*Asks:* 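Below is a structure I'd like to ask you about.
Since this is a predicted model, take the numbers as computed values, not measurements.
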Amino acid sequence: MTTTRRMILGLGALAALGGLVQAQTAAPRFITVASTTSTVDSGLFNHILPLFKAQTGIEVRVISQGTGQALDTGRRGDADVVFVHAKAAEERFVAEGFSTLRRPVMYNDFVLIGPKADPAGIRGSRDIAAALKAIQTRLSPFVSRGDRSGTHQAELALWQAAGIDLAATRGTWYREIGQGMGAALNTASAMNGYVLADRATWLSFRNRGELEIIVEGDRRLFNQYGIMLVNPARHAHVKQADGQAFIDWIVSPEGQSAITGYKIDGQQLFFVNANEPGA
């Protein structure tokens, strides 16, 4: 092989190596977050994720699901971080070893939405159990997400608190749709039924028709959110450093301030409590 040919081949190899390095450098840095639909449907993520990316260069790709599905996504290792709202289920996720730590982030509340005509006669009540009893007694239409989401789990717990056995009493008045919050609100609007919703999604919902808030303010409607890194000991491909960076930012003063600053029509949607013991 001539000296010239060796030089040409050497330069070609260097060019190929340089191209590979450049491609690797240009690869996007991202994490995957499995999260409840309310953080997406409310517009919260559209507000805070660009702030996080601008500071860290890390893109957050969100899988929007009901809480039960999001936790299952974490169990499979198909997400780096889980951000949901069902504390008991989150603590079970940690106890099972799929994460090592749950951090509280923020809260808001659930509200019972219903038609302005209010066929169950419950408007203005602050007793959610009594309101649900009235709905069941009068067989007023009720829409359930039926999707194992945090909202669905909260709804089932409230029926239980009301002393109502859905398995024994449910009928055509109780409609499970197996879909997210937006679809449940649309269904309730179409059939003039009642539905339990998180306040953030309700405030961002525009297709209200004859619906309005009927019951609010019961302490049992409290809605806490938590965040967890998927355990890299269970799934070695989890992006531990970048996932933890997102969690650290969310619970930091800067992240908490970004959440507090998100409003719709002047109304704050989420209230932060990352440093509140037991939250």
*Asks:* So, do W173 and Y194 have ring centers that fall under 6.0 Å from each other?
*Replies:*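 Centroid separation for W173 and Y194: 6.0 Å or greater.
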*Asks:* Please check if any side-chain donor atom of Q65 sits under 3.5 Å from a side-chain acceptor atom of T36, or the reverse.
*Replies:*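 Distance-only check fails for Q65 and T36.
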*Asks:* Nearest 0.5 Å, please: how far is CE in M181 from OG in S64?
*Replies:*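 Going from the OG atom of S64 to the CE atom of M181 covers 12.5 Å.
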*Asks:* Any luck finding a side-chain donor-acceptor pair between S35 and T39 under 3.5 Å?
*Replies:*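 S35 vs T39: donor-acceptor pair found between side chains.
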*Asks:* Mind telling me whether H235 and F98 have parallel, tilted or perpendicular rings, with 30° and 60° as the class edges?
*Replies:*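 Aromatic pair F98/H235 classed parallel.
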*Asks:* Keeping to residues at least two apart or across chains, list the salt bridge (Lys or Arg N to Asp or Glu O under 4.0 Å) pairs with something in residues 193-203.
*Replies:*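 Checked against salt bridge (Lys or Arg N to Asp or Glu O under 4.0 Å) - neighbours excluded - the pairs reaching residues 193-203 are D109-R199, R199-E216.
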*Asks:* Measuring only between side-chain heavy atoms, which start at C-beta, is K239 closer than 4.5 Å to V81?
*Replies:*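 No, side chains not in contact.
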*Asks:* For Q240, look at atom CD and say whether over 12 heavy atoms of other residues, nucleotides or ligands are found less than 6.0 Å away.
*Replies:*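 Open.
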*Asks:* Rounded to the nearest 0.5 Å, what's the gap from CD1 on I214 to CZ on R123? Could you check?
*Replies:*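 If we round to the nearest 0.5 Å, I214:CD1 and R123:CZ are 4.5 Å apart.
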*Asks:* Does a side chain donor of either N273 or Q224 reach within less than 3.5 Å of an acceptor in the other side chain?
*Replies:*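 Short answer, yes.
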*Asks:* Please tell me whether F270 and Y225 form a close aromatic pair, meaning their ring centres lie under 6.0 Å apart.
*Replies:*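 Centroid separation for F270 and Y225: below 6.0 Å.
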*Asks:* Who are the side-chain contact (heavy atoms from CB on, under 4.5 Å) partners of V60, not counting sequence neighbours?
*Replies:*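 Here the qualifying residues are I31, V33, L49, F52, V62, F246.
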*Asks:* Report yes or no: does E155 contribute a side-chain atom to a donor-acceptor pair with the main-chain N or O of S144 at less than 3.5 Å?
*Replies:*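 Looks like no, no N/O pair under 3.5 Å.
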*Asks:* Would you check if there is a donor-acceptor pair between the side chains of D127 and S125 at a distance under 3.5 Å?
*Replies:*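 The criterion, which ignores hydrogens and geometry beyond distance, is not satisfied for D127 and S125.
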*Asks:* Answer yes or no: is there an ion pair linking K116 with E212, defined by an N-O contact shorter than 4.0 Å?
*Replies:*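 No, K116 and E212 are not salt-bridged.
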*Asks:* Just verifying a value: how many Å separate I58 CD1 and R61 CZ, rounded to the nearest 0.5 Å?
*Replies:*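 Going from CD1 on I58 over to CZ on R61, the span is 12.5 Å.
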*Asks:* State plainly whether the residues D265 and R206 are in salt-bridge range, i.e. N to O under 4.0 Å.
*Replies:*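 Here D265 pairs with R206 in a salt bridge, since their nearest N and O are under 4.0 Å apart.
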